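All values reported here derive from a predicted model rather than from experimental measurement. For ligands, and for the atoms within them, numbers begin at 1 and follow the listed sequence.
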Amino acid sequence: MPVEAYELVPPPAHAMIESLRGVGYSTEAAIADIVDNSIAARARNVRVQFHFAGPESWISVTDDGIGMSDADLRRAMTLGGTHPWTIRAEQDLGRFGLGLKTASFAQSRCLTVATKQAGQRFERRWDLDYIARPEINDWRLLPNGRPGTEKLFEALDGMTSGTIVLWQDLDRITAGMLANEPASEDAFLATAEKVGEHLGMVFHRFLNGPRPELQIWLNGQRVKPWDPFLENHPATEVTPVERVYSSHGVIELQGFVLPHKDRLTEQEASLAAGPEGWTAQQGFYVYRSRRMLVAGGWLGLGTPRVWTMEEPYKLARLSLEFPNSADKEWDIDVKKSIARPPRLLRRRLTDLADQVRSSAKQVFAHRGAYGRRAAVPDLQTAWIGRTTHGSTSYKINRDHPAVLRAVEESGGTAVEQLLRVVEETVPIQRIWLDTVENGEIQKEAFAEAATLEVADLARTTLWHLVTKVGLSRATALERLRRTEPFQNYPDLIDSIATEDKQ
Ligand SMILES: Nc1ncnc2c1ncn2[C@@H]1O[C@H](COP(=O)(O)OP(=O)(O)O)[C@@H](O)[C@H]1O
Ligand SMILES: [Mg+2]
C-alpha cells in the first residue's frame, strides 16, 4: 500500500480548552450535565455541595452510582472519549462524550474526578493552570487531585462504589468575589439556589413520588421536584397520552390545561408559574429519556402563523417525550438545551397543541363551565382519537353507555353500520379549516341543549346500566360521573342520585 503523505496537527491543548470554555454553559446547565452522568451510572443519591471561600470556593457532585474502573476514568476524562453514534443504554443521558469535560471547563479551571468501583479508588485531574504553562501546553492528565483535596474525597471511603466530581478555581462564578465578604457569599449562594431550582425542574420525573428513584441534595437540603403540569391538581385538564411510533422508538405526547388562577391558592399559583413565570413557561416541555431538555416554547410550530408566547395561552403546557435512540432525529446539541422535532411529527404536534391552546384560552378568558370543571380520571369519552404512523383516525367509543344501549336495543347491525358511516366521514378538514379561519372553537357538548335533555339522557342511561347491564345503582351513578358529557353536570347527577329509587 502506498504511504500517503500527511502532517499530524493535534490542537494545542491550552488554546483548545480555552475555546471550549466558551461553549456557553450556564452553571445550572453544567451541573445538570454532571448529574446526567450520575443517573446513567444508576445513582440513587446525588449530593451537590457549594462551598464558599471567595476565590478558593469549590463545587462538588457526589453520587453513589456504579463508579468507574481505572480505564473507564481515563476514557471519561478524554475529550470525545465516547463516540456520538455509540448505542446507549436506555437510562444513559449522555451523547457526545464531552459533557463532563465541557461542562466542567466552562465553570472551573480545575476538574478532579475521584471514583470507586469494586472497592478500588481512582483519581484524575485536568488542571488548566498546569496545561497553560508554555513548557507544557499538551493534553497532560494528572493522576491526583491538587494537594489538600484529599479530605474532599473522604465521602468515597464509606461507599462501595460512587463518583465525586470536584470543580475548583471557579473563575467565572467567583469573579470579583472576596472571602469573608457577605455580599460575595450571598451571590455565591444565589447561584447555588438557581442550580437547585433548575435540577428540580429538569429531573422532576426522577424526583417525583413518595419513593423516588433518585434524590438530589443541595448543601444538605433535598431538591424538590417541580411539576410543570400540576398533574395532581383536580382542576387540571389532561388529554389522553398519544403515542407515535417510529423506527427510532416511541414518542409520547400529552396536553395539559392548567387551572385558572381562581382555582389555585396564591402559593400554588406562584409555584406553578415556574422559574421564568407563567407566560414564558407555556408550550412544549421536551423530555429525552425522562430528562427535560426544553422548558416551554412552541418549537417554531404554529398555524396559520408561528406561535409566540402570549398571555392568553399561558395555561397551555404539553409534554413530549422521546427516547435517546431518536437523538439524531431531534438534533440535540452538546449542552442539551435544544431539541427540534422531526419534520414528520410537526403536523401532529401542531394539531394537538392547537387543541390544548384553544382550551387554555377558554379557561384563561372566562371561568364559565371550564373553570368549574374538574379533570375526571378514566373519563369515558364519546370519541377516541388514535394516531398510528403519523395519521389520526377518530372512532366512536363502543363502550360508551349510550352506544352500548343503542347497539343492544337495535339488535346491533344497523347501529354498528351507522357508526361506521359516521366515523368514516368525520369532516376533519372542514372542522380544521373553520377553526383556523374563524378561531371558532367547538361549543361544549350540549352547550345549547336544555338541561332537561341532558337529564333525560342521564336517566335513561342510568336505567339501562342498572336494569340491563346489571350494575348497582351506586356503581352506575359513579360510571355516569365519568362519562361524557355527564362529567360536566355533577349537580345534575347529584340530584338524580337522590331521586326516588324505583
Ligand atoms: N458519575 C459518573 N459515574 C460513572 N461513570 C461516569 C460518571 N461521569 C462520567 N462517567 C463516564 O464518563 C463518560 C463520559 O462522560 P461525558 O463526558 O459526560 O460524556 P457522555 O455522557 O456523553 O458519555 C460517560 O460515558 C461515563 O462512562
Ligand atoms: Mg454526560
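- Annotation: His204 is in aromatic contact with Tyr287 [ring centroid separation under 6.0 Å].
- Closest protein heavy atom to atom 27 (O) of ligand 1: Arg75 NH2, 3.8 Å.
- The environment of CD in Glu4 is sparse: at most 12 heavy-atom neighbours from other residues, nucleotides or ligands sit within 6.0 Å.
- Looking at ligand 1, you won't find any N or O of Met68 less than 3.5 Å from one of its N or O atoms.
- Within the 4.0 Å heavy-atom cutoff, Asp63 counts among the residues contacting ligand 1.
- Remark: the backbone N or O of Ser319 is not paired with any side-chain donor or acceptor of Gln254 at under 3.5 angstrom.
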Evaluate side-chain contact (heavy atoms from CB on, under 4.5 Å) for Phe52 paired with Thr191, printing each intermediate quantity in order. CA-CA 11 Å; Phe52 181 72; Thr191 304; over 6 Å; no
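- In terms of protein heavy atoms, atom 19 (O) of ligand 1 is closest to Gly97 CA, 3.2 Å.
- Ligand 1 places these atoms under 4.0 Å from at least one heavy atom of Ala41: 3 (N), 4 (C).
- Of all atoms in ligand 1, listed by their number and element, those nearer than 4.0 Å to a heavy atom of Leu98 are 17 (O), 19 (O).
- When distances from atom 4 (C) of ligand 1 to the protein are checked, a heavy atom turns up under 4.0 Å.
- For Ala76, heavy-atom contacts with ligand 1 shorter than 4.0 Å involve the backbone as well as the side chain.
- The number of heavy-atom neighbours closer than 6.0 Å to CD of Gln221, taken from other residues, nucleotides and ligands shown, is 12 or below.
- Using a 4.0 Å threshold on non-hydrogen atoms, atom 24 (C) of ligand 1 does not count as touching the protein.
- The closest non-hydrogen atom to atom 8 (N) of ligand 1, taken over Asn37, Val35, Ile39, Thr115, comes from Asn37.
- With no hydrogens or angles considered, a side-chain donor-acceptor pair links Gln282 and Trp298 at under 3.5 Å.
- A salt bridge is defined here as a Lys NZ or Arg NE, NH1 or NH2 lying under 4.0 Å from an Asp or Glu carboxylate O, and Arg109 with Glu18 meets this definition.
- Closest to atom 14 (C) of ligand 1 among all protein heavy atoms lies Lys101 NZ, 3.9 Å.
- Among all protein heavy atoms, the one lying closest to atom 16 (P) of ligand 1 is Leu100 N, 3.5 Å.
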Please report the C-alpha distance between Lys194 and Thr27 in whole Å, then the side-chain angles of each, then the deciding distance to 0.1 Å, and finally whether the side-chain contact (heavy atoms from CB on, under 4.5 Å) criterion is met. CA-CA 9 Å; Lys194 203 156 176 218; Thr27 309; over 6 Å; no
